[in-house]
Amino acid sequence: AVLPLDRFSADPARAAAVMPALEVSLLDEGEYYGTHTRGTRSAGSMRFRLAAAFLCGVALTVASICVSHRVADTSEAVLPASRVGALYESPFSEASSPAAARESMAAAEAIAAAGSRSPALSLWMTDHDGAQSAKLVQQMPYKYAIRTITPVSLQLGRGTCWIFAAIAVLEASYRRQGIERGWLRPDEYVKMSEQAFGVAVLDLCRRVNSSCGALVGTEIWTGTQLKPMDTQGGESYLLYYLLELRYIGALPVTVCPYTPWQGQDHVCPGIRQARGSNPLRFEVSHMYTEYERQAAKIALLRGRILALSTSLVAVTYVLPCTKESASALGCDPTSTTQCIPCPDVRAFAGYGCCVAAHRDGSTMDGDFFKLPEPTFPEAEVEGGHAMTLAGYSDTYRTEFGFVGGFILKNSWWDGLPPSADWKQARGSHSMAYYMQEISAEEEAWACPNSASPRRWYSCPSLQDCRGPAAVVKAAMFNQPLHLECIDRSPYLHGLCKKGDRFFLKSIEPFGSGSGLFRACFIRDPDPEVADGVAAGAASYAHRNHEEDVSGPTGSDSHHRGLLYGPDTISLRQEGSPVVGANADGTDDHSEMCTPYIPLDDVALVLSPTAAEVRPNNPDICGFYFFPYDIIDEILAKDHNFQVNDMDVVWHPEAYLANMNTFPSLNYSLLQKATRIQQSVQSSGPLPFTHHSPPNTFLP
């Protein structure tokens, strides 16, 4: 329901100077309660969202609400219903809300015409009028991203994804408001401590008799309540319900960094001293919760990242088991207990035995997925995970053919698993990549995902793989060329000997949407033969890349490293066309091919050599793509898809720029936690290239 604000004599200029938004709620006690920083937490309340341009400047006591909030962010104003009732001719009800909304929207349009229109003005009544919501859906951009996201942090071996989602909300809101108020530069952010947040939640849940004891970690019954013992699991929306987190929940990472090992949930040296003079103080004014994807998209347009709690899906691949693949896969093609019927599609024709292979429903390309049904086994809903919604794209297409989805900031590692407890490698991308704002070649320098077989450079023969052309091209496009057997896969056995060197020859899909591939490799019997050429060519390529980033002395800042310039041509002409091959130019060295398997399984069989392992940039990468179709699958089977939009308002003393105004607070830790974030710099389809300088090829 929305108040019929056209009955107010609003002053837009005064309103804009006072506050950005106000909320009025009808309480069970028959009072109207206005608040900017504290949302009404009564379960039985009805909320009426208003824009400040419609409230401030009106007659009677409503104006006092705006004034009181101007004086102190935490003040509250309560008006007796009898006094506020004089403003309206009829009481509010569910039946009257659409009409009231339309009246208010007309007033809103009139007021907005006097100045710039904010996104909130378009979205403030979307939950109250179905016709208007449908109109907004039609007008929504086909892609959208929040640009104040802070760098990714990793939860590693602990079940603390919910803490990382909550901290991501705090960091992004702090950054956005700091930039808007001129208290942070656009590239600045503050890294906050996930460890300290977890300790704060445990402290508060143990001290108060609340429901959070049933929501956090492993609980113990004390005779009167459940008390959490650790942070292994929880809900990010505790940020809204635990009010005292506003004082102790946000601490700079310099107080205590995150500990990745289980059993360290209470460890944070110096936390009590830091809390006493902590300037990072905030309020969560209100929280909106959405349970379906279209509402979540609309919520994103308010300009805040959203905390997501959702189930995930697990997939079951169907692998052909033959006499040739039995040893590698550990299967028996004659077993009546292992073998299952192969799918009735062309790719599986002629195979008499298939085996089931269970994997997580995400790829090293950062995509969540499922296999086509009913051709392949139905995806299973498993577990739960917390992330943050940072954007969406209706046009991005994933490797498995899903079009459209949310862009998520995740807390998973990139590359090989950090311990033997994990059975898969992972990868991610940048926001700009999913928004299709940069080329795949540019993305390779920001988020190389060097552990993923998709990113390895392929060449047809040992001669070509050892030649300088392959080395230069692989280096210029930041693709690993030299591979080494690591033999860490729990799914494949005996394909290679640990330490043996290989080149990728080809990756062949199995077809029919199976998600299976066969990768073939060329064995390098004498890796030292080509090391000299490789080192020189790679050094050349990376030197040009570094010059592009920093710029050589006296150079044009836009001068790109040569890819198709005279230096490269000279290198190719001077390099020996036959390096380490037979005298007749043929290559009779052995090859090794995997069975048809999920492509990501290859990452735990072979890996780039140490010199060619290139980590993803944590300032830029860490994003995943969550297709709409996967969300619909989860909603149909489990209904566990919850998006929380928490409106966090930061106090002025929370910013380093205002430290002189608040001498009683200690800003030293905050200063050390203030950092600069890199961003993706696009230089066109081919990164680090340029047109040849004038007269380069003239005599």
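Each residue takes its place number in the sequence, starting with 1. Note that the coordinates shown come from a computational prediction; the quantities given were computed from them, not determined experimentally.
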Side-chain contact test, heavy atoms from C-beta onward, threshold under 4.5 Å: evaluate it for [X] versus [Y] and give yes or no.
| X | Y | value |
| --- | --- | --- |
| Trp412 | Gln155 | yes |
| Ser173 | Met646 | no |
| Val152 | Asn410 | no |
| Thr150 | Arg175 | yes |
| Lys143 | Ile407 | no |
| Val643 | Thr289 | no |
| Ser514 | Tyr596 | no |
| Val318 | Pro377 | yes |

Salt bridge flag under 4.0 Å for residues Lys297 and Asp394
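Salt bridge present between Lys297 and Asp394.
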
Whether Lys370 and Asp629 form a salt bridge (side-chain N of Lys/Arg under 4.0 Å from carboxylate O of Asp/Glu) is what I want to check.
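No.
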
Once rounded to the nearest 0.5 Å, what's the spacing between atom [atom1] of [X] and atom [atom2] of [Y]?
| X | Y | atom1 | atom2 | value |
| --- | --- | --- | --- | --- |
| Arg147 | Met431 | CZ | CE | 6.5 Å |
| Leu202 | Asp230 | CG | CG | 7.5 Å |
| Cys205 | Asp203 | SG | CG | 9.5 Å |
| Lys191 | Glu171 | NZ | CD | 4.0 Å |
| Thr388 | Ile167 | OG1 | CD1 | 12.0 Å |
| Thr316 | Leu371 | OG1 | CG | 8.0 Å |

Intermediate values then yes/no, side-chain contact (heavy atoms from CB on, under 4.5 Å), Leu408 and Leu389
CA-CA 5 Å; Leu408 309 178; Leu389 266 63; 3.5 Å; yes

Minimum heavy-atom separation for [X] and [Y], please, with both atom names.
| X | Y | result |
| --- | --- | --- |
| Phe368 | Ile630 | O-CG1, 4.1 Å |
| Leu319 | Pro598 | CD2-CD, 3.9 Å |
| Tyr433 | Ala440 | CE1-CA, 4.3 Å |
| Ser428 | Cys621 | OG-CB, 3.8 Å |
| Gly303 | Tyr144 | CA-OH, 3.7 Å |
| Ala390 | Ile149 | CB-CD1, 3.8 Å |

What side chain to side chain donor-acceptor pair (under 3.5 Å) pairs are there with at least one residue in residues 338-347, not counting sequence neighbours?
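Qualifying pairs: none.
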
Close aromatic pair by centroid cut-off 6.0 Å: [X] and [Y]:
| X | Y | value |
| --- | --- | --- |
| Tyr628 | Phe406 | yes |
| Phe625 | Tyr396 | yes |
| Tyr174 | Tyr189 | no |

Report the residue from Gln642, Lys409, Met387 that forms a side-chain contact (heavy atoms from CB on, under 4.5 Å) with Leu308.
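So the option named by the test is Met387.
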
Closer than 3.5 angstrom, by distance alone: can the side chain of [X] be matched with the main-chain N or O of [Y] as a donor-acceptor pair?
| X | Y | result |
| --- | --- | --- |
| Glu292 | Leu635 | no |
| Gln262 | Gly157 | yes |
| Trp162 | Thr231 | yes |
| Asn616 | Asn449 | yes |

State which residues pass side-chain contact (heavy atoms from CB on, under 4.5 Å) with Glu235; sequence neighbours excluded, sorted by chain then number.
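Result, side-chain contact (heavy atoms from CB on, under 4.5 Å) vs Glu235: Leu215, Tyr237, Ser309.
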
Assess whether side chain to side chain donor-acceptor pair (under 3.5 Å) is satisfied between Thr160 and Glu194, documenting all intermediate values.
CA-CA 9 Å; Thr160 50; Glu194 291 88 2; over 6 Å; no

Cation-pi, Tyr288 ring and Arg302 (6.0 angstrom, 45 degrees)
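Yes - Arg302 lies over the ring of Tyr288, closer than 6.0 Å to its centre and within 45° of its axis.
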
Is the gap between the SG atoms of Cys321 and Cys339 under 2.5 Å?
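No, no disulfide: SG-SG not under 2.5 Å.
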
Worked verdict on Glu290 versus Asp645 for side-chain contact (heavy atoms from CB on, under 4.5 Å):
CA-CA 8 Å; Glu290 311 295 351; Asp645 176 13; over 6 Å; no

With respect to Phe369, which candidate in Phe402, Phe400, Tyr624 satisfies the ring pair (Phe, Tyr, Trp, His ring centres under 6.0 Å) definition?
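Going through the options one by one, the only one that passes is Phe400.
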
Let me have the donor-acceptor pairs involving side chains of residues 360-367, under 3.5 Å, with sequence neighbours excluded, atom names and distances please.
residue: Asp360; atom: OD2; partner: Gln424; partner atom: NE2; Å: 3.3
residue: Thr363; atom: OG1; partner: Asp365; partner atom: N; Å: 3.1
residue: Thr363; atom: OG1; partner: Asp367; partner atom: N; Å: 3.4
residue: Asp365; atom: OD1; partner: His429; partner atom: NE2; Å: 2.9

For Thr310 and Asn640, run side-chain contact (heavy atoms from CB on, under 4.5 Å): C-alpha distance rounded to whole Å, both residues' side-chain angles, the deciding distance at 0.1 Å, then the answer.
CA-CA 5 Å; Thr310 181; Asn640 184 18; 5.6 Å; no

With Asp600 as reference, evaluate Arg455, Arg454, Arg359, Arg426 under the salt bridge (charged side-chain N to carboxylate O under 4.0 Å, His left out) test and give the passing residue.
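Answer to the salt bridge (charged side-chain N to carboxylate O under 4.0 Å, His left out) test with Asp600 among Arg455, Arg454, Arg359, Arg426: Arg454.
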
Could you label the plane-to-plane angle of the Phe282 and Trp650 rings as parallel, tilted or perpendicular, counting under 30° as parallel and over 60° as perpendicular?
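Answer is tilted, since the angle falls between 30° and 60°.
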
Could you check whether atom NZ of Lys637 has more than 12 heavy atoms from other residues, nucleotides or ligands sitting under 6.0 Å from it?
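More than 12 heavy atoms, drawn from other residues, nucleotides or ligands, come within 6.0 Å of this atom.
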
